[in-house]
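Being a predicted model, the structure only gives us computed values, none of them experimental. Order of the sequence lines fixes the chain letters, A, B, ..., with proteins taken first and strands second; residue numbering starts at 1 for each chain.
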Number of protein chains: 2
Amino acid sequence: MSIEEIKNKISEGGLKFTHQRMVIYKAIEDAENHPTAEKVYEHIKDSNPSISLGTVYKTLDTFVNHGIIQKFVDNKGVMRFDSILDTHSHLYCKKTNEIKDYRNEELEALLKGFFEKNEIQGFEVDEVSIVIRGQHK
Amino acid sequence: MSIEEIKNKISEGGLKFTHQRMVIYKAIEDAENHPTAEKVYEHIKDSNPSISLGTVYKTLDTFVNHGIIQKFVDNKGVMRFDSILDTHSHLYCKKTNEIKDYRNEELEALLKGFFEKNEIQGFEVDEVSIVIRGQHK
DNA sequence: ATCAGTGCAAATGCTTTGCATCGGT
DNA sequence: ACCGATGCAAAGCATTTGCACTGAT
């Protein structure tokens, strides 16, 4: 995503465009494996030593609340951030603790079909996601 | 589950059978919505004021390591405990933060079939679980 | 009697909060 | 200039750890 596009994305909804937000957004977008707040901080602090960890947390939170990024919890209870907004599944590696995307249209269609046919009584389904645990070969 | 059965379950694998372990196991089994360590402690402390929160944490951890119970992380990053060991999905309620079981054989068969047919390259799948987010009607 | 289990308090790790200062609009 | 964004440090919460004491075998 270009700098202009990121700027527009941040500005939508009345957020101020700042250097910190630019850098933090790029860090999430560049990371291939959904980073923690700490990882984002590690990644940016060498070239931007003045950005504080607190700002990273606040900024990530702001982005999530404005629908700019998503967050979820890993199996250790730590928050992970993701610039991809549409539905996809995650592969959790027991060895390395990495979390990678898994996209499969057939699987998504299968699940969508199932929950359209089978209502859960007394419960309104918003989203369904899959957690695949295992390890890299 | 009877007291004798719980006693056997705990004794298997060389664990000592203690009053604390009995009480903590029963608290998990009785709870309909996967409790946190804190909730287990809340539930037992009136009738067992001498059991400390630290012991609840250690005991739950021991149970998990011996395959007596399971644990998972909720969407706030807090550990939840579950006396049911076989595969099942969870319903997360956005309103109440409750987590309920959802069991559906067709869904489990569907997923099992999918992952038997579709290998994920470079990744060995151990278990697949579904997270259903929504709210009670 | 032995050694695992327990209680308590201190420590840890991740995240949030308060508040004074800074900077984008 | 205004008001939101930032930096820093302190506080908060869930969980873990260390260690002396207790109790099941």
Peer 1: Measure the spacing between SG of C93(A) and CD1 of I132(A) and express it to the nearest 0.5 Å.
Peer 2: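 The CD1 atom of I132(A) is 12.5 Å from SG of C93(A), to the nearest 0.5 Å.
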
Peer 1: According to the salt bridge (charged side-chain N to carboxylate O under 4.0 Å, His left out) rule, which pairs have a member within residues 38-53 of chain B, sequence neighbours left out?
Peer 2: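 Every pair satisfying salt bridge (charged side-chain N to carboxylate O under 4.0 Å, His left out) with a residue in residues 38-53 of chain B: E42(B)-K45(B).
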
Peer 1: Quick one: pull up CD in E5(B) and CD in E29(B) and give me the separation to the nearest 0.5 Å.
Peer 2: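 If we round to the nearest 0.5 Å, E5(B):CD and E29(B):CD are 8.5 Å apart.
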
Peer 1: Relative to the ring of Y102(A), is the ring of F115(B) parallel (under 30°), tilted (30 to 60°) or perpendicular (over 60°)?
Peer 2: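 F115(B) and Y102(A): tilted rings.
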
Peer 1: Flag the pair N75(B) / N97(B) as yes when at least one side-chain heavy-atom distance between them is below 4.5 Å, and no otherwise.
Peer 2: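 Of all side-chain heavy-atom pairs linking N97(B) with N75(B), at least one is under 4.5 Å.
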
Peer 1: Does the gap between the ring centers of H136(B) and F123(A) come in under 6.0 Å?
Peer 2: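 Centroid distance H136(B)-F123(A): below 6.0 Å, so yes.
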
Peer 1: Contacts to DNA chain D from residues 48-64 of chain A, heavy-atom cutoff under 4.0 Å, which residues?
Peer 2: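 Under 4.0 Å from DNA chain D: S50(A), I51(A), S52(A), T55(A), K58(A), T59(A).
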
Peer 1: Working note: H90(A) + D74(A), criterion side-chain hydrogen bond (donor to acceptor under 3.5 Å, both in side chains); need CA distance, chi angles, decisive distance, verdict.
Peer 2: CA-CA 10 Å; H90(A) 285 143; D74(A) 71 15; over 6 Å; no

Peer 1: Counting only heavy atoms and a strict 4.0 angstrom limit, can you tell me which residues of residues 6-40 of chain A come near DNA chain D?
Peer 2: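 Correct list: L15(A), K16(A), T18(A), Q20(A), R21(A).
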
Peer 1: If only atom types and distance count, is the side chain of N65(A) paired as donor or acceptor with the main-chain N or O of D61(A) below 3.5 Å?
Peer 2: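 Side chain of N65(A) to backbone of D61(A), a donor-acceptor pair under 3.5 Å: yes, one is there.
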
Peer 1: I'd like to know if K71(B) and D82(B) make a salt bridge, using a cut-off of under 4.0 Å between side-chain N and carboxylate O.
Peer 2: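 A salt bridge is absent here (no side-chain N lies under 4.0 Å from a carboxylate O).
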
Peer 1: With heavy atoms of chain A within less than 4.0 Å as the criterion, where does contact along DNA chain C begin and end?
Peer 2: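 Terminal contacting nucleotides, 5' to 3': dC14(C) to dT25(C).
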
Peer 1: If a pair means Watson-Crick or G-U wobble with both distances below 3.5 Å, what does DNA chain C look like in dot-bracket form, with | marking bases paired to a different strand?
Peer 2: |||||||||||||||||||||||||

Peer 1: Measuring from atom CZ of R21(A) to atom CD1 of I10(A), what distance do you get when rounded to the nearest 0.5 angstrom?
Peer 2: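 Reported to 0.5 Å precision, the distance equals 7.5 Å.
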
Peer 1: Rounded to the nearest 0.5 Å, what separation is found between the CZ atom of R133(A) and the CD1 atom of I99(A)?
Peer 2: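 Answer for the CZ-CD1 pair, R133(A) versus I99(A), is 9.5 Å.
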
Peer 1: Whether E119(A) and K137(B) form a salt bridge (side-chain N of Lys/Arg under 4.0 Å from carboxylate O of Asp/Glu) is what I want to check.
Peer 2: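 A salt bridge is present here (some side-chain N lies under 4.0 Å from a carboxylate O).
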
Peer 1: Check for a donor-acceptor pair, side chain of R80(A) on one end and backbone N or O of H34(A) on the other, with a separation under 3.5 Å.
Peer 2: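 Indeed, once roles are kept as given, a pair shorter than 3.5 Å links the two residues.
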
Peer 1: Rounded at 0.5 Å granularity, tell me how far CD in E108(B) sits from CG in D86(B).
Peer 2: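 Answer rounded to 0.5 Å: 7.5 Å.
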
Peer 1: At their closest point, which heavy atom of Y25(B) faces which heavy atom of S83(B), and how far apart are they?
Peer 2: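 The answer is OH-CB, 4.2 Å.
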
Peer 1: Taking DNA chain D as the partner, which of residues 65-82 of chain B come within under 4.0 angstrom of it by heavy atom?
Peer 2: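 Contacting residues: V78(B), M79(B).
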
